[in-house]
Student: 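Before I ask anything, let me first share the structure, which is written out below as structure tokens.
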Amino acid sequence: MKKLFVLLSALFIMCSVAFAQSEVPAENQNGPEITFKETNHDFGNIPFKGNGSYEFVFVNTGNEPLILTQPKSSCGCTVPEWPKQPILPGESNVIKVTYKNTDRPGNFNKYVTVFSNALVNKEIKLHIKGTIEPEPIDATPLKMDGAMSPVNNK
């Protein structure tokens, strides 16, 4: 029984050593890294038929060029613009996200997923939200004739 225990222990130790991961922590690896100053933006109120645009600022905090691939938006009303050229280490740039109002008043909450060759943050979601104000009501007063019936002003 004692020999079996020693044998199993030795086998366990050898397997542990053989399958041990010698992974270097991400902060010690060479490669690009994307760091955003913020990933959420609230437009507040946007006028009816108005659009909202915001530029999300980021920095390549890694030590190799950062390459962004085409971001995906959560709907067709959210349009991203991104740099197509590599971002060198230490450089900053922006991803512009535009919400194109589709004449629907009310709240919206959308996101754009950014894809990159970063070591850690390969996918990052940029969130936008706000409220589209209702369509303004035409409050042109009507002229009244003597019989108290409306007369068209035009």
Side-chain angles (χ1 to χ4, degrees), residues 2-141:
K2 198 178 207 181
K3 287 183 183 181
L4 181 63
F5 177 73
V6 171
L7 183 63
L8 287 175
S9 297
L11 184 62
F12 176 75
I13 292 171
M14 286 191 289
C15 287
S16 297
V17 170
F19 293 109
Q21 295 182 1
S22 62
E23 200 170 296
V24 178
E27 61 270 1
N28 296 336
Q29 291 183 4
N30 288 328
E33 192 53 57
I34 189 168
T35 304
F36 281 87
K37 291 192 177 186
E38 59 182 328
T39 56
N40 297 301
H41 180 71
D42 185 351
F43 286 107
N45 289 342
I46 297 176
F48 188 78
K49 292 190 179 181
N51 296 325
S53 289
Y54 186 75
E55 292 184 345
F56 289 93
V57 179
F58 68 90
V59 177
N60 178 358
T61 54
N63 55 12
E64 290 185 9
L66 175 69
I67 299 169
L68 303 178
T69 55
Q70 183 170 4
K72 266 190 189 170
S73 60
S74 58
C75 74
C77 58
T78 307
V79 182
E81 294 176 40
W82 70 98
K84 312 298 189 278
Q85 74 282 1
I87 311 302
L88 298 177
E91 285 187 356
S92 65
N93 211 314
V94 298
I95 296 175
K96 182 178 179 181
V97 177
T98 301
Y99 178 74
K100 295 196 175 199
N101 188 344
T102 55
D103 300 341
R104 287 186 225 141
N107 296 330
F108 65 91
N109 192 353
K110 306 293 179 184
Y111 64 89
V112 170
T113 305
V114 177
F115 302 96
S116 72
N117 64 332
L119 290 174
V120 178
N121 297 320
K122 292 182 183 295
E123 291 182 22
I124 296 179
K125 287 189 178 179
L126 305 175
H127 298 268
I128 59 170
K129 68 179 183 175
T131 303
I132 303 299
E133 295 175 346
E135 184 173 13
I137 299 170
D138 185 11
T140 307

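Keep in mind it's a predicted model, so treat the numbers as computed, not measured. Numbers for residues simply follow the sequence, beginning at 1.
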Student: Run the side-chain contact (heavy atoms from CB on, under 4.5 Å) test against D42 and tell me which residues pass, sequence neighbours left out.
Tutor: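 Testing D42 for side-chain contact (heavy atoms from CB on, under 4.5 Å), a comparison that skips the adjacent residues, returns K129.
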
Student: For a quick test of reading the model, state the closest non-hydrogen atom pair linking P83 to I95 and the distance between them.
Tutor: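 That closest heavy-atom pairing would be CD-CG1, 4.4 Å.
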
Student: Restricting to side-chain contact (heavy atoms from CB on, under 4.5 Å), what partner residues turn up for C75, sequence neighbours left out?
Tutor: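 side-chain contact (heavy atoms from CB on, under 4.5 Å) check on C75 returns C77, T78, K110.
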
Student: Once you round to the nearest 0.5 Å, how far does CD of E133 lie from CG of N45?
Tutor: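 Taking CD in E133 and CG in N45, the distance rounds to 4.5 Å.
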
Student: Compile the donor-acceptor pairs under 3.5 Å between side chains in residues 84-94 and protein atoms, sequence neighbours left out, one pair per line.
Tutor:
from	atom 1	to	atom 2	distance (Å)
K84	NZ	W82	O	3.1
E91	OE1	L88	N	3.4

Student: Between atom CD1 of I67 and atom CD1 of I34, what is the distance when rounded to the nearest 0.5 Å?
Tutor: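 Taking CD1 in I67 and CD1 in I34, the distance rounds to 12.0 Å.
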
Student: Output all residues satisfying ring pair (Phe, Tyr, Trp, His ring centres under 6.0 Å) with F115, sequence neighbours left out; order by chain, then residue number.
Tutor: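 If we apply the ring pair (Phe, Tyr, Trp, His ring centres under 6.0 Å) test to F115, skipping adjacent residues, there are no hits.
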
Student: Looking at residues at least two apart in the chain, or sitting in another chain, which of them share a side chain to side chain donor-acceptor pair (under 3.5 Å) with T39?
Tutor: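 Applying side chain to side chain donor-acceptor pair (under 3.5 Å) to T39 gives none.
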
Student: Show the nearest heavy-atom pair for residues P134 and P105, with the distance to one decimal.
Tutor: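 The pair with the smallest heavy-atom distance is CA-CB, 3.8 Å.
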
Student: Where is the tightest heavy-atom contact between I132 and R104, given as atom of each residue plus distance?
Tutor: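 Result for this residue pair: CB-O, 3.6 Å.
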
Student: Are the side chains of F58 and L66 in contact, using a 4.5 Å heavy-atom criterion?
Tutor: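 Yes; the side chains approach each other to less than 4.5 Å.
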
Student: Ring-plane angle category for H41 and F56, please: parallel below 30°, perpendicular beyond 60°, tilted otherwise.
Tutor: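 Perpendicular: the ring planes of H41 and F56 meet at over 60°.
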
Student: What residues form a side chain to side chain donor-acceptor pair (under 3.5 Å) with N107, not counting sequence neighbours?
Tutor: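 Side chain to side chain donor-acceptor pair (under 3.5 Å) list for N107, sorted by chain: T131.
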
Student: Has F108 got more than 12 heavy atoms of other residues, nucleotides or ligands less than 6.0 Å from its CZ?
Tutor: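 Yes, because the 6.0 Å sphere around CZ of F108 holds more than 12 heavy atoms from other groups.
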
Student: What residues form a side-chain contact (heavy atoms from CB on, under 4.5 Å) with E135, not counting sequence neighbours?
Tutor: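 Per chain and number, E135 pairs via side-chain contact (heavy atoms from CB on, under 4.5 Å) with F48.
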
Student: Listing request: all disulfide (SG to SG under 2.5 Å) pairs with a residue in residues 86-120, at least two apart in sequence or in separate chains.
Tutor: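 Of all non-adjacent pairs touching residues 86-120, none passes disulfide (SG to SG under 2.5 Å).
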
Student: Quick check: Y99 with F43 (ring centres under 6.0 Å apart)?
Tutor: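 Here the rings of Y99 and F43 have centres that are no less than 6.0 Å from each other.
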
Student: In chain order, what residues pass the side-chain contact (heavy atoms from CB on, under 4.5 Å) check against K100, with sequence neighbours excluded?
Tutor: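 Partners of K100 by the side-chain contact (heavy atoms from CB on, under 4.5 Å) criterion, ordered by chain and then number, come out as N51, V79, T98.
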
Student: Does any pair with a residue in residues 54-74 pass side-chain hydrogen bond (donor to acceptor under 3.5 Å, both in side chains), and if so which ones, sequence neighbours excluded?
Tutor: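 Listed by first then second residue: N30-N63, T35-T61, E38-Y54.
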
